There are 2 protein chains.
Amino acid sequence: MFCTVPRNHAVRTAQAPEAEVWRLIRAVSHTPDAMAACHQIAVDSGLPLAPLRALLVLPLDEPVTMRELARRLGCDNSYVTSLVDALEKRGLAGREQHPTDRRVKVIVLTGQGRDLAERAQIADAAAPAVFDRLTEQELVTLRDLLAKLLP
Amino acid sequence: MFCTVPRNHAVRTAQAPEAEVWRLIRAVSHTPDAMAACHQIAVDSGLPLAPLRALLVLPLDEPVTMRELARRLGCDNSYVTSLVDALEKRGLAGREQHPTDRRVKVIVLTGQGRDLAERAQIADAAAPAVFDRLTEQELVTLRDLLAKLLP
DNA sequence: TATTGTTATACTCTATAACTATA
DNA sequence: TATAGTTATAGAGTATAACAATA
């Protein structure tokens with residue numbers, strides 16, 4: 001056996017207050033509303049989700065190397081090749097030589113690519129409508145509590 | 001154009017308090033810690049993540065139809081076939097005829113399948129260690145605020 | 001005629017390994 | 001020798017359409 005959690009622990013864990021909070025956090029972050037905006041952009045633009053996610057982490061005004069994009073996405077270098085291929089095929093980005101190191105290529109957004117990236121980044125960062133239910137004070141409280149959970 | 005969000009809205013949105021809370025919620029729910037336990041179970045058991053996720057939504061003691069599993073996973077019926085195939089191949093579940101409707105098949109966990117499902121469900125529900133940083137009172141406050149964001 | 005599940009097929013996402021060009 | 005990117009390939013995840021059996 002590879003797990004030493006004792007039997008009948010499930011119910012206790014689920015009732016523990018932090019487990020309940022954890023459940024709520026995941027429920028909120030998976031609200032259908034949550035990813036709807038980006039999915040809509042993917043559908044409207046005809047761009048698959050993976051290259052669209054690349055646009056989400058690409059800075060709008062400063063070109064970035066292939067390797068840096070791989071780092072930001074936490075994926076393999078070879079995969080970035082296919083992501084940028086997809087962007088290039090649709091006229092959203094291009095590759096340019098690095099000025100000093102000729103092994104390196106930098107990804108440059110086209111005007112169209114920049115526009116789409118900006119829209120996607122805005123849509124992605126926007127909070128779902130349910131957040132209107134909280135007062136300004138409640139939002140501050142929530143923010144401070146959540147901040148304690150991060151490094 | 002398919003998006004009417006005005007230019008230069010990005011910064012305002014990102015600074016809006018609810019956008020900040022939204023960012024934090026997603027950051028917390030994506031802590032590496034979060035899915036680590038389930039991933040470990042997947043690696044240890046040799047079961048790919050997709051069928052393991054099926055085990056997460058399968059009730060431990062009450063059999064469920066193929067269709068109902070598709071509903072719970074929010075996926076197509078045909079895909080459930082391959083998920084249950086994967087479970088069956090590893091001796092974790094079997095198919096049985098529905099007693100009254102012979103079109104329907106019910107998924108029955110084996111003893112081994114039930115054990116694995118229980119361990120996976122416990123691991124999945126457990127809050128990451130960072131939650132220890134909050135007091136009992138803070139957890140209650142957090143719970144109540146988050147609950148307001150759900151229907 | 002409508003519904004349950006299966007099969008065949010195809011597309012997206014992603015990694016590994018081998019390779020090329022450059023450093 | 002090490003690093004950046006590409007190519008070839010393969011496997012996981014998932015959907016669509018056509019189909020068989022049953023209702």
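Each chain gets a letter, A, B and so on, in the order the sequences are listed, and its residues count up from 1. Given the structure is predicted, the values throughout are model-derived calculations rather than measurements.
In this structure, the CG atom of A:Asn77 is 10 Å from the C1' atom of D:dT3, given to the nearest Å. Between B:Gln97 atom CD and D:dA23 atom C1' the separation is 14 Å, expressed in whole Å. Rounded to an integer number of Å, the gap from CG of A:Asp85 to C1' of C:dC13 is 15 Å. Here D:dG13 presents its C1' atom at 13 Å from CG of B:Leu47, a figure rounded to the nearest Å. Counting to the nearest Å, the C1' atom of C:dA15 and the CG atom of A:Leu83 are 13 Å from each other. For B:Arg95 and C:dG5, the CZ to P distance is 10 Å, given to the nearest whole Å. Going from atom CG of A:Leu49 over to atom P of C:dT12 covers 11 Å, rounded to whole Å. Between the NZ atom of B:Lys105 and the P atom of D:dA23 there is a distance of 13 Å, given to the nearest Å.
Under the 4.0 Å criterion applied to side-chain N and carboxylate O atoms, A:Glu138 and A:Arg133 are not assigned as salt-bridge partners. Salt-bridge annotation for A:Arg95 and A:Glu88: present, with a side-chain N of the basic residue lying under 4.0 Å from a carboxylate O of the acidic one. Looking at A:Arg26 and B:Asp124, a side-chain N of the basic residue comes within less than 4.0 Å of a carboxylate O on the acidic one, giving a salt bridge. For A:Arg119 and A:Asp44, the salt-bridge test fails: no basic side-chain N is under 4.0 Å from an acidic carboxylate O.
Smallest separation of non-hydrogen atoms from A:Gln112 and A:Leu92: OE1-CD2, 3.5 Å. In plain terms, the two heavy atoms of B:Val28 and B:Thr31 that are nearest each other are O-OG1, 2.7 Å. The two residues A:Cys38 and A:Ala120 come nearest to each other via the heavy atoms SG-O, 3.9 Å.
Between A:Arg103 and D:dG5, a side-chain N or O to OP1/OP2 separation shorter than 4.0 Å is absent.
Within residues 51-75 of chain B, the residues that have a heavy atom under 4.0 Å from DNA chain C are, in order of number, B:Thr65, B:Met66, B:Arg67.
With DNA chain C read from its 5' end, the first of the two nearest nucleotides for A:Tyr79 and A:Thr100 is the one closest to A:Tyr79.
Nearest to the side-chain atoms of B:Ala50 among the listed nucleotides D:dA23, D:dG13, C:dA8 stands D:dG13.
For a distance-only test at 3.5 Å, the side chain of B:Ser82 fails to qualify as a donor-acceptor partner of the base of C:dT6.
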